[in-house]
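Note that the structure is predicted; figures quoted are calculated from it, not measured. Side chains included, hydrogens not; waters and symmetry mates left out as well; all remaining heavy atoms used. Each ligand, and each atom within it, is numbered from 1 in the order the structure gives.
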Amino acid sequence: MMRISRLLQFLGILFLNVLLTTQALRHRKFVVRDAPFTKLCSTKNILTVNGQFPGPTLYVSKGETIIVDVYNRANYNITIHWHGVNQPRYPWSDGPEFITQCPIQPGGKFSQRVIFSEEEGTLWWHAHSDWSRATVHGAIVVKPAAGNTYPFPKPHREVPLILGEWWKEDVVKVFDDLVTTGGDAAISDSYLINGQPGDLHPCSSNDTFKLNVEHGKTYLLRMINAAMQDLLFFAIANHQLTVVGTDGSYVKPFKVEYITISPGQTMDVLLEANQPPLDRYYMAAKAYSSALNVVFDNTTTTAILQYKGKYIPSSSRTRTPHMPSLPSFNDTNSSVNIISQMRSLADEAHPINVPMNITTNLFYTVSINTLPCPNGSICKGPSGNLFAASMNNNSFQLPSKNNVNSILQAYYNNISGVFTENFPDVPPQLFDFTGSNLSKFLRTPSVDTEVKVLEYGSTVELVIQGTNLLAGTEHPMHLHGHSFYVVGWGFGNYNKDKDPLNYNLVNPPYQNTVAVPKNGWVAIRFQTKNPGVWFMHCHLERHVSWGMAVTFIVKNGNNPEQQMLPPPPDMPRCY
Ligand code: C2O
Ligand code: CU
């Protein structure tokens with residue numbers, strides 16, 4: 001009797017605790033819906049969050065957990081991903097469609113728990129179904145925990161600067177064409193800075209984003225490359241930039257004239273307003289696109305930096321802004337010049353923990369390929385074939401086509417037939433990956449839902465090797481659920497005897513997205529301390545649509561606190 005009442009009391013307290021912690025969490029409301037936007041002289045409906053484009057900024061403190069109540073009031077399936085938020089033990093809210101959840105259907109709602117842990121700086125959120133992230137995205141600002149400060153002098157003001165990409169056409173149509181024709185995607189009509197093409201484009205001067213600064217003050221630009229298809233160069237005329245962070249982690253400050261930023265990547269950049277205040281200055285971004293014979297959006301997007309103050313006559317507001325010079329579109333050396341300067345702080349307040357004894361060595365190629373055109377169809381890919389892309393010659397197939405479960409749900413509930421565990425640790429065939437005139441038969445990948453299973457606590461070194469199949473180009477590879485140390489990179493084929501000797505194991509940057517250079521490789525290290533199902537893919541949208549992806553399953557550890565938490569009751573239903 002006594003025991004039962006104790007138990008009830010205990011359960012009561014437990015229940016109260018759960019209730020209290022849930023209530024204490026801050027909620028944000030995201031309503032996904034269509035809204036009309038006018039750009040480049042024409043108006044179209046786009047998918048938005050809360051009618052905003054870019055969407056609302058989430059402000060949190062390091063280590064906080066928040067709940068985002070996502071309502072789908074659009075006519076389109078949607079999922080939302082918190083890019084760079086590692087979601088310890090809780091892949092349920094991670095968001096990639098058919099990897100960790102089925103989509104939120106029109107009229108549906110999903111309360112997503114967003115669990116911040118070690119991240120501090122700038123991250124972002126975006127849709128993770130088809131190409132809807134083109135317009136469904138926004139910034140996440142992670143402030144230092146209470147009582148902590150930035151590792152640099154407190155800036156006067158902070159400004160999210162989101163680089164995006166705009167098609168006059170409906171992106172749903174652009175995506176459908178890519179899928180149905182098997183050809184390359186239609187190129188966009190402009191890039192955007194905070195949702196605006198800038199005044200070099202028609203009908204765009206009134207809405208151009210303007211940053212008003214006070215002379216002598218320092219500003220923190222929280223930059224995000226939310227564009228779909230290209231790495232971007234960005235610079236501000238006459239002003240140097242000091243890079244202080246990337247991907248929600250600080251770096252040793254370094255000064256540059258321009259930055260290169262990959263789709264998926266974020267950069268925290270200090271701007272000193274120290275130039276003649278009567279002048280105006282363009283901030284400008286344009287593509288870095290090195291693949292031979294690949295058409296891309298070669299336009300320049302701009303915003304305007306102008307000074308304010310009671311002595312500045314309003315006539316200075318009409319001066320023609322200075323234009324920064326940006327590297328040319330195929331300048332690979334200028335592109336890698338920025339990533340090669342990244343070093344983590346690696347000091348007492350920001351310790352690093354680079355895995356030294358590697359238990360799991362992985363070597364993955366990333367390639368552009370073709371698949372034969374199905375009988376009776378017309379395909380617009382190379383020589384009448386379908387475009388494809390692969391990792392270790394497997395073109396990743398989302399399980400949606402044959403199944404009604406996400407990979408996570410199938411794994412958690414032991415449902416077979418959704419995926420296979422045979423993703424290879426090395427390419428099935430070795431060849432001169434970055435050589436020229438590669439033989440055609442190397443280009444036909446397998447098409448499967450293959451995952452790589454990792455034990456809890458493994459120390460992984462993954463070398464990602466670019467190839468010159470079809471067209472060597474850069475691939476910004478993004479890993480969900482874990483940040484990783486970028487310990488090395490180089491051009492050409494990775495050499496397992498020589499290249500590790502030049503690794504940076506002292507202060508490598510800690511990232512969630514890394515651009516594999518054109519016809520080159522990168523080496524990353526991480527420890528699997530986050531059980532769950534985690535997607536890894538190229539953040540160039542056409543490449544991931546073509547299958548440049550892999551899924552990791554990180555198994556539970558032995559202790560309860562090394563195990564996945566149970567799913568929430570409102571997981572979107574799979575049909
Ligand atoms: Cu920012 Cu899987 O994506
Ligand atoms: Cu790619």
Side-chain angles (χ1 to χ4, degrees), residues 55 79-87 91 93-101 114 119 122-134 136-140 162-165 178 184-185 224-231 247-248 261-266 288-291 294 296 364-369 387-391 395-396 398 406-408 445 464-483 511-522 532-552:
T79 69
I80 307 283
H81 166 56
W82 322 93
H83 178 117
V85 183
N86 288 335
Q87 302 279 38
S93 286
D94 192 43
E97 188 179 44
F98 302 119
I99 306 294
T100 62
Q101 69 171 88
V114 188
E119 309 87 0
T122 307
L123 298 171
W124 61 302
W125 55 267
H126 62 77
H128 214 302
S129 34
D130 295 344
W131 277 32
S132 43
R133 81 167 178 85
V136 178
H137 61 246
I140 301 177
I162 302 178
L163 306 177
E165 190 164 359
L178 175 96
D184 208 344
I224 296 161
N225 186 347
M228 302 287 276
Q229 302 291 44
D230 287 292
L231 284 78
D247 284 5
I261 185 166
S262 312
Q265 190 183 16
T266 72
Y288 162 58
S289 176
S290 66
V294 170
F296 64 99
Y364 293 175
T365 51
V366 283
S367 303
I368 306 294
N369 312 89
F387 261 120
S390 64
M391 294 180 71
S395 184
F396 186 83
L398 286 173
S406 70
I407 293 180
L408 174 60
I464 310 173
Q465 172 73 59
T467 77
N468 198 25
L469 289 172
L470 281 185
T473 189
E474 40 292 325
H475 301 287
M477 301 303 296
H478 170 53
L479 175 61
H480 291 221
H482 294 80
S483 300
Q511 298 175 206
N512 62 54
T513 304
V514 64
V516 180
K518 177 185 181 176
N519 287 330
W521 57 272
V522 297
V533 172
W534 306 111
F535 202 31
M536 183 181 213
H537 60 92
C538 182
H539 223 282
L540 301 183
E541 212 57 31
R542 62 194 190 287
H543 292 180
V544 63
S545 301
W546 290 336
M548 192 177 281
V550 61
T551 299
F552 289 108

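- The N, O or S atom of H475 lying closest to the Cu ion (ligand 2) is ND1.
- Taking atom 2 (Cu) of ligand 1 as reference, H480 places its N/O/S atom NE2 nearest.
- Between the CG atom in N369 and the CG atom in L470 there is a gap of 7.0 Å [rounded to 0.5 Å].
- Residue contacts to atom 1 (Cu) of ligand 1: H126 brings an N, O or S atom closer than 2.8 Å.
- Side chains of Q87 and S93: no donor on one and acceptor on the other come within 3.5 Å.
- Aromatic ring pairs are classed by plane angle as parallel below 30°, tilted from 30° to 60° and perpendicular above 60°; the pair H482 and W534 is perpendicular.
- The Cu ion (ligand 2) sits nearest to atom ND1 when only the N, O or S atoms of H543 are considered.
- Sorting the N, O or S atoms of H83 by how far they are from atom 1 (Cu) of ligand 1 puts ND1 first.
- Metal site remark for the Cu ion (ligand 2): H539 contributes no N, O or S atom at a distance under 2.8 Å.
- Inclusion of H128 in the first shell of atom 1 (Cu) of ligand 1 is not supported: no N, O or S atom falls under 2.8 Å.
- Atom 2 (Cu) of ligand 1 has no N, O or S atom of H478 closer than 2.8 Å.
- Rounding to the nearest 0.5 angstrom, the gap separating the OG atom in S483 from the CD atom in Q511 is 9.5 Å.
- When ring centroids are compared, W124 and H478 stay outside the 6.0 Å threshold.
- How far OG1 of T100 is from NE2 of H480: 8.5 Å, rounded to the nearest 0.5 Å.
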